[in-house]
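Since we're looking at a predicted model, the values are computed, not measured. We name chains A, B, ... by the order of the sequence lines, and we start the count at 1 in each one. Excluded from the calculations below are hydrogen atoms, water molecules and symmetry mates; all remaining heavy atoms, backbone and side chain alike, are included.
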Amino acid sequence: MLDVVRSTDAASAAEASRARRPRPLSGLAGLVRRLAGTRIGLVGLVIVGLLSLAALSAPWLPLHDPLDLMMEHRLEPPGASFLLGTDEMGRDIFARLVWGARGSLMIGVLTVAIGLSGGLFVGTLSGYYSGTLVESVLLGLMDIFAAIPLLVWAIAIVGIFGTGPVQLGPLLLPNEAKIILLVGLLFIPGLARVAHGLALAEAKADYVAARRLQGAGAWSIMTSDILPNILSPIFVQVSVLIGIGIIIEASLSFIGLGVQPPTPSWGGMLADARSLAFSDEWWVATWPGLAIFLAVIGFNLLGDALRTVLDPRRRDGGPAL
Amino acid sequence: MTAPALSLSDLSVAFGPEIAARKVVHGVTLQVMAGEKLAIVGESGSGKSVTALAVMHQLGRAGRIVGGSMRLDGEDITSLPESACHELRGRKVAMIFQDPMTALNPAFTVGRQLVDAIRSHDDPGRKAAWSEAEQLLAKVGIDDPRRRSGQYPHELSGGMRQRVLIAMAIACRPRLLIADEPTTALDVTVQAQVVALLRDICASSGIALLFISHNLDLVAEFCDRIAVMYRGRIVESGSAEAIFSAPRHPYTRLLLDAVPRPGRPLRTAAPAPLAESPGEGACDYFSRCRLADADCHVRPALRGAGTHLSACWRSA
Amino acid sequence: MWFAGRIVSSLAVLAAVSVVLFALTRLTPLSPARIVLGADATAEQIQAFEHDRGLDRSLPAQYSAWVAQLPRSGFGQSYITGRSIDLELLESLPVTVELVAVTFLLTLAGAVPLGLIAALTEDRWPDHLIRMLSLMAVSVPGFWLALILIRVFAVKLGWVPPIGITPLAEGWYAHFTSLVLPALSIALYYIGALSRLMRAAVIEVLGQDYVRTARSLGLSRGLVARYVVKNALPPFVSVAGMSFGYMFGWAIIIELVFNLPGLSRALLTAITQRDYPMIQATVLVVTAMFIVSNLVADLIQRLLNPRLRHA
Amino acid sequence: MTHAQGSASPLLAAASAGRRYPVAHSPLARLFDRRTTPALLGASFEVQAGDILGIVGESGSGKSTLARLLVGLDRPSSGRVLFEGRDLSSFTAADWQRFRNRVQFVFQGAHTALNPRKTVARSLSEAFPEPPTSGALNALLAQVSLGPELLDRLPHQLSGGQKQRVGIARALARQPEVLIADEPTSALDVSVQSEIVALLQQLHRERRLTLVIISHDLGLVGAFCDRVLVMYAGRIVETGPAAQILAEPAHPYTERLVAAIPRGLAGRNRQADPPLSEAARHGGCPFEPRCSNRIPICAQGEPPEVLLGDRLVACHLAPSRPIIAETNP
């Protein structure tokens, strides 16, 4: 029952049912098709797809103005005129949810984009130059970064710099940009460690030595051999990290350090609804919470599906935070 | 007359889900008598390891026996509940695997693992088990067993680990010992020692040995009988002398020629050109065979006079 | 030897982190004097304030002065209240540590058995159920869960107090129950994440050759389980150690919801007041906790893994 | 006497080439921990154009390290590796380019020899200095008896033997004169092994390819190579013509290796040497702890290299052993 057959004979026999090598990505379309082939992947795709669509098309949807204070409609329960009801200030909750999705998804995706590019860069470089000063310095730097409890630092830094826009050279960074940069930077060490381990294994593989014997340069080997081979196990974590990014953004907004009012955000809506959570106006605190939950579970489902599709051999539980 | 230690008749094993099952062992019949050493020889994918795992009831979830029967010491073990499998393994049949580097638990000392093996059937008590463990280590040729038993696997060489594994396998005096390529991962000099150890153990304890290998030269040195497997079927079987000196199946001949031997030039013919593709039910060796002709579109059965059998229309 | 090296490197990391943190607080465009003294403070007043606190000196000079005073007067005084920061931390830190400790125990109690069950029933219904639940657990934002828990268990059912912490003086049980909801709000995520990790680690070990060896020798299920767990624990321990540190971060948010007098109150108050010495001290303490918990996790991992021990 | 690219220089040579690896992984730790482990303790030998040289030894004997030094994948930490009399360490970028066009490497046919995400066509194309035509790719595959239908396949869609053939084809792309192969058959089934050996022999015959074959299998190397070099614990313990070494090993370690070759019925009831202590020895003969012929001097001094006919043997006892092969024609 618990036996796992490992001998070469049995393995080759079982090969028919289970691919042993990760199949290469054949374009985004191919990946989406394979994701949709799994049940959880399909659910994840639908959730993430619908949310993204809603977020992108918010300005063109027939919605109430999310900022419009209709004091005469304060705390109206869900119904025909207000699909999900209104909040304490008489704003339409549904409209605010749709507009709030923009910030949540954008921040989630962009933080991971920063973490991913940084992590891949550091990981590949340090893995390829294993045993040299490059690796020591980069990994030492990552150790320092990794010694930082992410959330506390995010809170402290936003606290220190304030929630207002910050001038950085020619750029005026709104608070959202600060959070994206910050959380993205703090995502780097975890991804870099994983990438480093994978790149190290690839760099030791014979095919890399073969490339060196062909006179291929370090850059060419890193970009055309190592990077594509470590991408899919890393990719599996991306989805999960987007979910974490969304939760962090919502948490920061909840304590007033994230997306600033009046811009609608899910975390901010929950902060407004805090006092109502204990009263009978349940809907005010329920919908934004559900929205976060739905978005995060959508990305987590996608992550699980990606794991099955891209990397059937590795089955770790994903990063914990 | 005593029953054979192991008797397989018409055993078939398949992998995969019911609808897409792939048969990897087709009707294998063989017997190993007590104290006898039988070798199964074949290339990877020939089904030799799967046959062994079927005997151990360790096919995993994907694999299952789909035909035939297995008897161990006269007792039918074809289908057994999990609890009975536990009784079977270690006590009646034990197995050693190819890679000694990964087959020992890295988190426990070798003495502890040996003691666990000893105590898992007929527990003689902790103290007695430890002294028995030291005796076993000495028996498999490990110097200073007391010190060695306190060491972790990573502190031992590959040859020594394989000796420990052999000690664990014979700890409960099984009737049958299955060794799946136990020497492939070892250096040649160590390989010779491990083979010698297995031979001595069979001789002194009467344990039957089923030795799985891809090297005919190696098994011909010490096994009594040889069965050659190809694509899940036995294609030739007989005494080691008969097979080695008068091979009948072209695949056996290929295996014999493939191993370089000192004092003999390599007979390395280029692979035969692919003949026309055979249909269903043709001889499995058809596309690689130089002798194949129209007869070979029908798969030959294992046949022959006496104990030397082969599955080839061309064999005399 | 190894441990000494590890402690030295941990201290080095802590020092590096403190530099970064110090630099960040000093690099902000806003002078704390503005906040402390109010909008209509004169330039002279501000200068005097900054001079008093050494804020007009160069960054390295400020840092070395700060380090020099650490052993004598600890983290110094708050800009705002003038109180000793050490005293302030001594009041708030125990609350947070206790909350995190309870959270951690809840997490272990939930994650280990669930992960084991899921691994041992891989691809059958208990596994599917646990995986689905853990997936949901890691998707619930903790502060929202806290709101729900308060509404259900405190407001509707009245089993526990909705907010605040009942002092230990009022009885062990009352004290503990007042911590259960906040702890659960944090723990649920980690139960989900760590049970998945445990499952993966056990499944990985179950596929190892030595487990096959143990089975082929007819070792009892209990023994095989012990073999598996001892080998599956090291990766679990390392992530669990890291999680212990991360829990402090979530504790800050959850404490706010439950209005607990922990680090959260200290930090968030300090943030609104731009009380930089206080922010610095709080974050540094949490970071130190994080580093120590990772160190302990490494130590346990070494004890569990003879390969590392002998290296 | 110096050779400047003279024809008298051997094609490839090692002059007391040794390699030690630092114990500490990072350069910072190496400042404090200067310990090193020797992988190769100084090997000297020559490869002449057209030779087939076999290097034999057990795992950890330093044979793979030696192979990596010969092909420039790693630099010796002591001694030199010479190509046509020139030290590899003095090579310029242009020299390396030329060297790589002439000396190539075949990896063990394990699953990491080919990039799992690159098609056969891509892996082979990269081996050419210039992007090749499809005709060139087909011709290259034909040299290793593979058909063009494999070009679009990924490594996991190939059999073990096919993978190894692609690996050989990759090494042949620049039409090298020297091919160094590290365990080219050890990952393969016996029946496939012989096909790969046949392919290498054919290449040697048809293209006068110089071959250096590294293997743990003395039987294979002995049957295939002209000259054999036996390594033990980072040292060369015996060098000589393959036939002589197999028939009449002079070093006790070689003797053991020869005795351990499975020989079918002929080897029946052969007694294996008893296992001996596997402790490493510092100072003295490295093989002393395992040697059944040892005498007191073996533990004290490193054995000298003794010339016995065509052979070099590093053994204290070598001069006193009767060598039959030497007297035979």
TODO: Determine the minimum heavy-atom distance between C:P306 and B:P106, stating which atoms define it.
DONE: CG-O, 3.0 Å
- [ ] Identify the two heavy atoms, one from B:F108 and one from C:K230, that lie closest to each other, and give their separation to 0.1 Å.
- [x] CZ-CD, 3.6 Å
- [ ] Could you tell me which portion of B:L165 (side chain, backbone, both or neither) has an atom closer than 4.5 angstrom to a non-hydrogen atom of chain C?
- [x] side chain
Task: Minimum heavy-atom distance between C:R215 and B:R89, given as atom pair plus value - done: O-CD, 3.0 Å
Task: Residue from C:L219, C:L217, C:V224 passing side-chain contact (heavy atoms from CB on, under 4.5 Å) with B:D116 - done: C:L219
Task: B:M56 side, atom CE; C:R212 side, atom CZ - distance, nearest 0.5 Å - done: 10.0 Å
Open item on the list: Checking the side chain of C:T213 only, and the main-chain atoms of B:A103 only, is there a donor and an acceptor separated by less than 3.5 Å?
Closed with: yes
Task: Contact winner vs chain C - B:A107, B:G90, B:A94, B:A171, heavy-atom pairs under 4.5 Å - done: B:A107
Open item on the list: Among residues at least two apart in sequence or on other chains, which ones pass salt bridge (Lys or Arg N to Asp or Glu O under 4.0 Å) with B:E36?
Closed with: B:R225
- [ ] Between chain C and each of B:I178, B:T102, B:N105, count heavy-atom pairs under 4.5 Å; write down the option with the most.
- [x] B:N105
Task: Proximity breakdown for B:Q113 and chain C, heavy-atom pairs closer than 4.5 Å - done: both
Task: Cationic tip of C:R307 above B:Y152 ring, under 6.0 Å, 45° of axis - done: no
TODO: With chain C as the partner chain, list the residues of residues 117-138 of chain B whose heavy atoms fall under 4.5 Å from it, by residue number, and write 'none' if nothing qualifies.
DONE: B:A117, B:S120, B:H121
Open item on the list: Distance check, rounded to the nearest 0.5 Å: C:Y210 atom OH versus B:L104 atom CG?
Closed with: 11.0 Å
